[in-house]
Number of protein chains: 2
Amino acid sequence: IITLRNIKRVFSMGQIEVNALARIDLDIQHGEFVAVMGASGSGKSTLMNILGCLDRATSGDYYLEGVHVNDLNKRDLARVRNKKIGFVFQGFNLLPRTSALENVLLPLLYNRDLRSRDLKPKAMKALDAVALTDRIHHEPSQLSGGQQQRVAIARALVNEPSLILADEPTGNLDSRTSIEVMSVLQSLNNRGITIVLVTHEPDISLYANRIIELKDGRIIRDVLARQP
Amino acid sequence: IITLRNIKRVFSMGQIEVNALARIDLDIQHGEFVAVMGASGSGKSTLMNILGCLDRATSGDYYLEGVHVNDLNKRDLARVRNKKIGFVFQGFNLLPRTSALENVLLPLLYNRDLRSRDLKPKAMKALDAVALTDRIHHEPSQLSGGQQQRVAIARALVNEPSLILADEPTGNLDSRTSIEVMSVLQSLNNRGITIVLVTHEPDISLYANRIIELKDGRIIRDVLARQP
Ligand SMILES: Nc1ncnc2c1ncn2[C@@H]1O[C@H](COP(=O)(O)OP(=O)(O)OP(=O)(O)O)[C@@H](O)[C@H]1O
Ligand SMILES: Nc1ncnc2c1ncn2[C@@H]1O[C@H](COP(=O)(O)OP(=O)(O)OP(=O)(O)O)[C@@H](O)[C@H]1O
Ligand SMILES: [Mg+2]
Ligand SMILES: [Mg+2]
């Protein structure tokens, strides 16, 4: 589903260049559950932003389900993103003056295969999966950190995308809520959805069947955790 | 240093009332290192915001170093906050178009005991303690999640406050960086600084000498972890 070849991402700040990704070669098959680990600043979120079509590599090739993403214009990139990818951001990125329910409904509004009466039930189902049905009218500033994180997760799942990219999805969750969220991701993976998850917690990486470690913008380790 | 008596915090949203804190009675002595744990939404950040003088309780009394905080007006509250308390926010709350260095310098500008030539060395010392001296001119949007978190930590430490309140300070940090941050907090505690830290990670709570657990806005457990 994902092929990265010789991907490089440089951030230019005047005279300084930050090599956020020095060189990434990576293949991920449909249905894999991949954990991405590595030190703070090693390039994990930068990698996720490129996979999620939110950022472009400085050089190198990215193929998503066979499509050469580099060639896509901004509008096609947005369409691929909305249709195929669910993204849980490290900083949640919820719409501020918008309720939890409306935040989760948003991706559904772009989905032409749905009738308008399907929208709310689908959103409620996603919120129920992350145990947040009693806060649906709260805006992000009226939610706890972990509740905001769960809204971000529900929003990523609601369109049943073929690829879920989750950047530290349990960073603000207690162990019990983390287990609930990870079993939701596990059951989606069992139905064939590909998951790439950034985490710094070893307990969370155990849910994956493959672990990739980044250091200074390169992959230094790529191991199968257990038989898929 | 901290006394909370019969603290209650209700959020009103039209007809609905959320009892974020139902009843909190709590005494914390100078020099303690307290970990606050509990499920997502149990009231931890609400408690921290009241301790940090960023929010007022709906009812009940808060004494900070003997001062009845309830009686303070807005300006005195701000002065207490800047002088006595260092706060690491769950969402970091860095100033957006402001470099890491400037974010860390900000609390020092309020400190009348410092000469202007002391400011930058102090800020650099705090940034060095969190291993971030190579990113001092980056703005938050140019920093990784864990780097932003470390700027927030450095900013909380830089004025050497008598009380540090840290809400999930390692939520976005890999294990090695977490250990570095926790040993900084531990050495501050060894010098007599009181630390109250919210965490959902048991490994992090082991650095504390007292663990408090919240559930539905109440303290359900309060244990000494080891001899102080
Ligand atoms: N401004 C607000 N208006 C209404 N409800 C609020 C507001 N802020 C917080 N709440 C509610 O109060 C409860 C406690 O929130 P708090 O942020 O203290 O939880 P927490 O223990 O820090 O959770 P987490 O571990 O997820 O960060 C939550 O159920 C939340 O929805
Ligand atoms: N817009 C930007 N401009 C300049 N440098 C950047 C920018 N965004 C990220 N960086 C730098 O690129 C490097 C990689 O950042 P990235 O966010 O991918 O790290 P990460 O592995 O996700 O870290 P964390 O675990 O802390 O979230 C960091 O050193 C960061 O300072
Ligand atoms: Mg990151
Ligand atoms: Mg919180």
Side-chain angles (χ1 to χ4, degrees), chain A residues 11-16 18 20 37-49 89-92 94 99 130-132 134-135 137-150 167-168 170-178 180-181 198-205 213-215, chain B residues 11-16 18 20 37-49 89-92 94 99 130-132 134-135 137-150 167-168 170-178 180-181 198-205 213-215:
Chain A
F11 290 107
S12 295
M13 297 172 58
Q15 290 186 342
I16 302 170
V18 178
M37 307 187 75
S40 176
S42 54
K44 306 181 296 296
S45 296
T46 306
L47 174 61
M48 296 292 269
N49 290 338
F89 293 88
Q90 190 169 7
F92 319 150
L94 300 178
S99 74
V130 296
L132 211 63
D134 60 345
R135 290 280 182 275
H137 299 303
H138 286 231
E139 294 178 0
S141 63
Q142 299 166 326
L143 291 171
S144 79
Q147 290 165 345
Q148 293 175 37
Q149 190 155 39
R150 281 181 274 161
D167 198 342
E168 304 270 5
T170 62
N172 282 289
L173 301 178
D174 55 288
S175 23
R176 180 171 149 194
T177 318
S178 298
E180 287 172 19
V181 162
V198 171
T199 184
H200 68 265
E201 293 183 62
D203 287 353
I204 300 299
S205 71
E213 190 181 341
L214 293 191
K215 183 177 156 98
Chain B
F11 289 108
S12 296
M13 297 173 59
Q15 288 185 345
I16 302 171
V18 179
M37 307 187 75
S40 177
S42 54
K44 306 181 295 296
S45 296
T46 305
L47 174 62
M48 295 291 269
N49 289 337
F89 293 87
Q90 190 168 9
F92 319 148
L94 300 177
S99 73
V130 296
L132 210 62
D134 60 346
R135 289 280 182 274
H137 299 301
H138 285 230
E139 294 177 1
S141 63
Q142 298 167 325
L143 292 171
S144 78
Q147 290 166 344
Q148 292 174 37
Q149 189 154 38
R150 280 182 275 162
D167 198 343
E168 303 271 6
T170 61
N172 282 288
L173 302 178
D174 55 288
S175 23
R176 181 170 150 199
T177 318
S178 297
E180 287 171 20
V181 163
V198 172
T199 185
H200 67 265
E201 293 183 60
D203 287 355
I204 298 299
S205 71
E213 191 180 340
L214 291 192
K215 184 175 153 103

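In the text below, chain A, chain B and the rest are named by the order of the sequence lines, each starting its count at 1.
Between chain A and the residues B/R150, B/R135, B/R176, the most heavy-atom pairs under 4.5 angstrom are made by B/R150. Ranking A/T177, A/L173, A/T46, A/D203 against chain B, the residue ahead of the rest is A/L173, based on heavy-atom pairs under 4.5 Å. Taking B/M13, B/Q147, B/Q142 one by one and counting their heavy-atom pairs under 4.5 Å with chain A, the maximum is reached by B/M13. Ranked by heavy-atom pairs shorter than 4.5 Å toward chain B, the options A/G38, A/P202, A/G171, A/G91 are led by A/G171. Contact count against chain A (heavy-atom pairs under 4.5 Å) is highest for B/G41 among B/G43, B/G41, B/S42, B/A131.
Of the atoms belonging to A/T170, it is backbone heavy atoms, and not side-chain ones, that fall under 4.5 Å from chain B. Residue contact with chain B, scored on non-hydrogen atoms closer than 4.5 Å, involves the side chain of A/E168 exclusively. Neither the backbone nor the side chain of B/V198 comes within less than 4.5 Å of any heavy atom in chain A. Using a 4.5 Å cut-off between heavy atoms, A/Q148 makes no contact with chain B at all. With a threshold of 4.5 angstrom between heavy atoms, A/S45 does not approach chain B through any atom at all. Within the 4.5 angstrom heavy-atom criterion, atoms from both the backbone and the side chain of B/S40 approach chain A.
Here CG of A/D174 is found 11.5 Å from CG of B/L214. Values are rounded to the nearest 0.5 Å.
In plain terms, the two heavy atoms of A/E201 and B/H200 that are nearest each other are OE2-NE2, 3.7 Å.
B/H138 has its side chain within reach of A/V18: a pair of non-hydrogen atoms, C-beta onward, lies under 4.5 Å apart.
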